[in-house]
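Positions are given from 1 along the sequence. The structure displayed is predicted, hence computed values, not measured ones.
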Amino acid sequence: MDEAPLEILYRDDTLVAIHKPAGLLVHRTALDRHETRFAVQLLRDQIGQHVWPAHRLDRGTSGVLVFALDADTAGRIGRQFEAQTVAKRYVAVVRGHPPEAGLIDHPLSKQRDDREWVDPRAQSAPQAARSAYRRLATIELPIAVAPYPSSRYALLEVEPETGRKHQIRRHLKHIAHPIIGDATYGKGPHNRMFAEHFGSQRLLLASTDLWLDHPHSGERLHLHAAPADDFMALMAQLGWTASLQK
């Protein structure tokens with residue numbers, strides 16, 4: 001059976017954006033030596049030309065992912081990310097009921113890529129990191145998750161103002177509202193409850209919108225990907241479908 005092609009959100013002569021499925025690595029990594037599927041490889045084979053990832057999404061995160069079609073364009077987009085002129089919006093399902101809105105201003109220690117050499121003498125001070133969020137919906141389920149007889153969850157819209165590795169996941173853990181399905185920063189009992197009661201075994205984080213200046217024309221591009229089908233199926237089960245339109 002042939003694999004379904006990647007969904008292309010935008011394409012021109014210099015860049016292409018796709019909707020990355022949850023569970024797909026962007027590129028090969030030493031941490032997943034046995035994985036054989038990568039977005040870089042799949043997209044290259046699909047469009048028949050080399051691609052350069054302009055940024056990253058965690059393996060478990062679905063949504064907008066941008067690639068350059070040449071090294072010069074990759075550098076131009078990369079400088080926008082470094083200058084923090086790229087805007088991003090995510091949606092996430094978290095444990096608990098956080099305030100209606102807030103700004104998480106919490107420095108994060110740098111997390112190195114597995115392929116990155118690090119001088120053992122180097123000092124790595126925490127880097128400034130800020131994430132704004134807005135609560136879209138809440139629910140309290142009559143399902144016991146120890147030590148409580150019921151369980152509370154919320155749907156958030158999150159806009160990271162900086163781009164640190166795992167920033168949203170680490171920030172939401174910091175305010176005690178971790179993302180459901182996060183095996184690293186989340187809570188196992190809540191992750192298991194969502195798997196058992198809703199059939200959801202993915203990280204419930206989706207990159208829905210990204211704005212950047214076109215690297216050659218300068219036009220401001222808005223790239224949008226509605227949450228994936230598995231994410232939307234859960235929204236329907238929780239009665240949150242309309243809340244995503246707020």
Side-chain angles (χ1 to χ4, degrees), residues 7 9 17 19-23 55 57-58 60-65 86-106 129-143 145 148 150-164 166-187 189-195 197-212 222-246:
E7 179 186 356
L9 304 171
H19 187 169
K20 185 189 85 68
H55 61 119
L57 286 179
D58 294 341
T61 305
S62 61
V64 181
L65 183 62
V86 178
K88 294 167 283 182
R89 179 181 295 153
Y90 293 74
V91 291
V93 178
V94 302
R95 187 193 73 170
H97 289 177
E100 290 188 7
L103 175 65
I104 307 168
D105 189 348
H106 176 66
R130 296 177 303 280
S131 302
Y133 71 86
R134 182 168 66 97
R135 198 178 72 198
L136 301 179
T138 60
I139 195 169
E140 183 164 358
L141 299 172
I143 302 172
V145 178
Y148 304 105
S150 62
S151 47
R152 292 181 170 188
Y153 303 96
L155 175 66
L156 302 184
E157 175 185 85
V158 187
E159 297 185 356
E161 297 179 6
T162 50
R164 309 308 176 197
H166 299 170
Q167 177 173 312
I168 294 175
R169 296 164 60 191
R170 296 166 74 187
H171 268 173
L172 291 173
K173 176 190 177 183
H174 174 71
I175 64 169
H177 296 288
I179 300 174
I180 302 302
D182 193 333
T184 302
Y185 305 105
K187 295 291 185 181
H190 294 274
N191 296 346
R192 288 190 290 274
M193 189 279 281
F194 266 73
H197 288 265
F198 301 106
S200 177
Q201 303 194 43
R202 60 162 288 175
L203 174 69
L204 292 174
L205 178 65
S207 170
T208 58
D209 298 270
L210 185 148
W211 293 263
L212 78 162
H222 175 204
L223 306 171
H224 173 75
D229 290 346
D230 53 359
F231 198 110
M232 292 305 298
L234 177 65
M235 295 299 97
Q237 291 181 82
L238 297 175
W240 286 350
T241 303
S243 297
L244 284 173
Q245 310 304 320
K246 291 183 179 179

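- Side-chain N or O atoms of His171 include one that pairs as donor or acceptor with a backbone N or O of His106 at under 3.5 Å.
- Under the side-chain contact (heavy atoms from CB on, under 4.5 Å) rule, Ser207 has a single partner from Leu57, Leu65, Ile168, which is Leu57.
- Side-chain contact between Asp230 and Ser200 is absent, with no heavy atoms from C-beta onward closer than 4.5 Å.
- Annotation: the span from Leu136 atom CG to Glu100 atom CD amounts to 11.0 Å, rounded to 0.5 Å.
- Taking CZ of Arg202 as the reference point, atom CG of Leu234 lies at 9.5 Å (rounded to 0.5 Å).
- With His177 contributing its side chain and Arg95 its backbone, the two residues share a donor-acceptor pair below 3.5 Å.
- Separating the CG atom in Leu212 from the NE2 atom in His222 is a distance of 11.0 Å, to the nearest 0.5 Å.
- For the side chain to side chain donor-acceptor pair (under 3.5 Å) test with Ser131, the passing option among Glu159, Gln167, Arg164, Glu161 is Gln167; the others fail.
- Of the residues listed (Leu204, Val91, Leu155), the one engaging Met235 in a side-chain contact (heavy atoms from CB on, under 4.5 Å) is Leu155, and it is the only one.
- Residues Pro142 and Ser150 have side chains not in contact (no heavy-atom distance under 4.5 Å, counting atoms from C-beta outward).
- Between atom CD1 of residue Ile143 and atom CZ of residue Phe198 there is a gap of 5.0 Å, rounded to the nearest 0.5 Å.
- Rounding to the nearest 0.5 angstrom, the gap separating the OG1 atom in Thr184 from the NZ atom in Lys173 is 9.0 Å.
- Under a 3.5 Å cut-off, the side chain of Asn191 and the backbone N or O of Gln201 do not form any donor-acceptor pair.
- Thr162 and Lys88 get closest at one heavy-atom pair: O-NZ, 4.4 Å.
- Relative ring orientation between His166 and Tyr185 is described as perpendicular, the plane-to-plane angle rising above 60° on a 0-90° scale split at 30° and 60°.
- With hydrogens and angles disregarded, no donor-acceptor distance shorter than 3.5 Å links the side chain of Thr138 to the backbone of Ala154.
- Atoms OG and NE2, on Ser151 and His190 in that order, are 7.0 Å from each other to the nearest 0.5 Å.
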